[in-house]
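Proteins come first, then strands; the chains are lettered A, B, ... in the order of their sequence lines, and each starts at number 1.
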Amino acid sequence: MKIASFNINGIRARIEALSDWLAAAQPDAVVLQEIKTVDENFPRAHFEDLGWTVETHGQKGFNGVAILSKLPLEDVMRGLPGDETDEQARYIEATVIGDRAVRIAGLYLPNGNPQPGPKFDYKLAWMNRLQARAKTLRDTEMPVVMLGDFNVIPETRDAARPEVWVDDALFQPESRAALRRIELDGWTDAIRIRDPHGQRGPFTFWDFQGGAWSKDNGIRIDHMLLSPQAADLLCDAGVDREVRAGEKPSDHVPVWVDLAA
DNA sequence: ATGGTTGTCGAACAA
């Protein structure tokens, strides 16, 4: 079962780019972030006509997540538990029925800039809620993949120019520690585990500004965390870097895992 | 040089 994540940065501007990548990469299920639309305006029929089951959790103008799947989905859950007052659409879960049932959690973690400030406080509080949800999912002992745009640069080697990120919410010690705490509860970074001693990236985001892509001034912020039972099924994982060079690209590229499931 | 780019939406805001 191939499961992918793609921060699409506006679904309606990216219908062609997403369709092309889906045809080439052939994932079984994909979580999308920053669809930037309400559910009613998601191009649902376009993707259903291509054979995808579509589940959305949208929001006007900003944020918004979705799942596309070629396999049956069960038990779809929208919103991250832990704060009834949180109205931002950043989280969606479902069970994908392949040879095995795999729970997937698609997430768009708050950016948190500028820091310090209320947006950074919201980011850290959201990460605490994510840790609580992650423990609940881990304790089901199902294979679970939590994946998406985490908006956290885990380590110095995950940025081409770490020095320019030192004041950014994505690289604050508090952000990095919060991600590390989640991982230490039993989650495996699917990209890192494939190359534990890699010295650079692989990057998943290059800013639209300043010619970041042409300079390969990237960061690794799109992650896939595997529960122990999912890690046991890991066959392969990767970053589809070449997508960033395509027509009207998102600023992020897809990441994916292949599980024996 | 206090800049640069993109999407949504239709004036700013978020990233």
With a 4.5 Å heavy-atom cut-off, do A:R192 and A:D158 have their side chains touching?
yes

Could you tell me whether the side chain of A:I221 reaches within less than 4.5 Å of the side chain of A:H252, counting heavy atoms only?
yes

Starting at OH of A:Y122 and ending at C1' of B:dA15, how long is that distance when rounded to a whole Å?
15 Å

Please report the distance, rounded to the nearest Å, between CH2 in A:W165 and P in B:dA15.
13 Å

Each nucleotide N or O in nucleotides 5-7 of chain B that has a protein N or O under 3.5 Å away: list the pair and distance.
residue, atom, partner, partner atom, Å
B:dG7, OP1, A:R14, NH1, 3.3

Between atom CG in A:N217 and atom P in B:dG4, what is the gap in whole Å?
18 Å

Is atom CD of A:E163 surrounded by more than 12 heavy atoms (other residues, nucleotides or ligands) closer than 6.0 Å?
yes

Using a 4.0 Å heavy-atom cut-off, does A:Y108 contact any base of the nucleic acid, only the sugar-phosphate backbone, or nothing at all?
sugar-phosphate

If hydrophobic clusters are built by linking Ile, Leu, Val, Met, Phe, Trp and Tyr wherever their side-chain heavy atoms come under 4.5 Å apart, do A:F208 and A:V253 end up in the same one?
no

Euclidean distance for P, B:dA1 against B:dA12 (whole angstrom)
29 Å

Euclidean distance, atom CH2 of residue A:W213 to atom C1' of B:dG4 [Å, nearest integer]
19 Å

DNA chain B nearest-nucleotide lookup for A:N113 and A:N41: closer to the 5′ end is A:N41

Contacts of A:W21 meeting ring-ring contact (aromatic ring centres under 6.0 Å, His included) (sequence neighbours excluded), chain-then-number -> A:F6

With no hydrogens and no angle check, is any side-chain donor or acceptor of A:S175 less than 3.5 Å from a backbone partner on A:A169?
yes

Find the distance A:L109:CG to B:dA15:P and express it as a whole number of Å.
11 Å

Distance-only, no hydrogens or angles: does the A:Q59 side chain make a donor-acceptor pair with backbone N or O of A:A89 under 3.5 Å?
yes

Atom CG of A:L170 to atom P of B:dA14: distance rounded to whole Å?
16 Å

Nearest-Å distance for atom pair CG/P, residues A:D251 and B:dG4:
18 Å

May I have the distance from A:F205 (atom CZ) to B:dA14 (atom C1'), rounded to whole angstrom?
12 Å

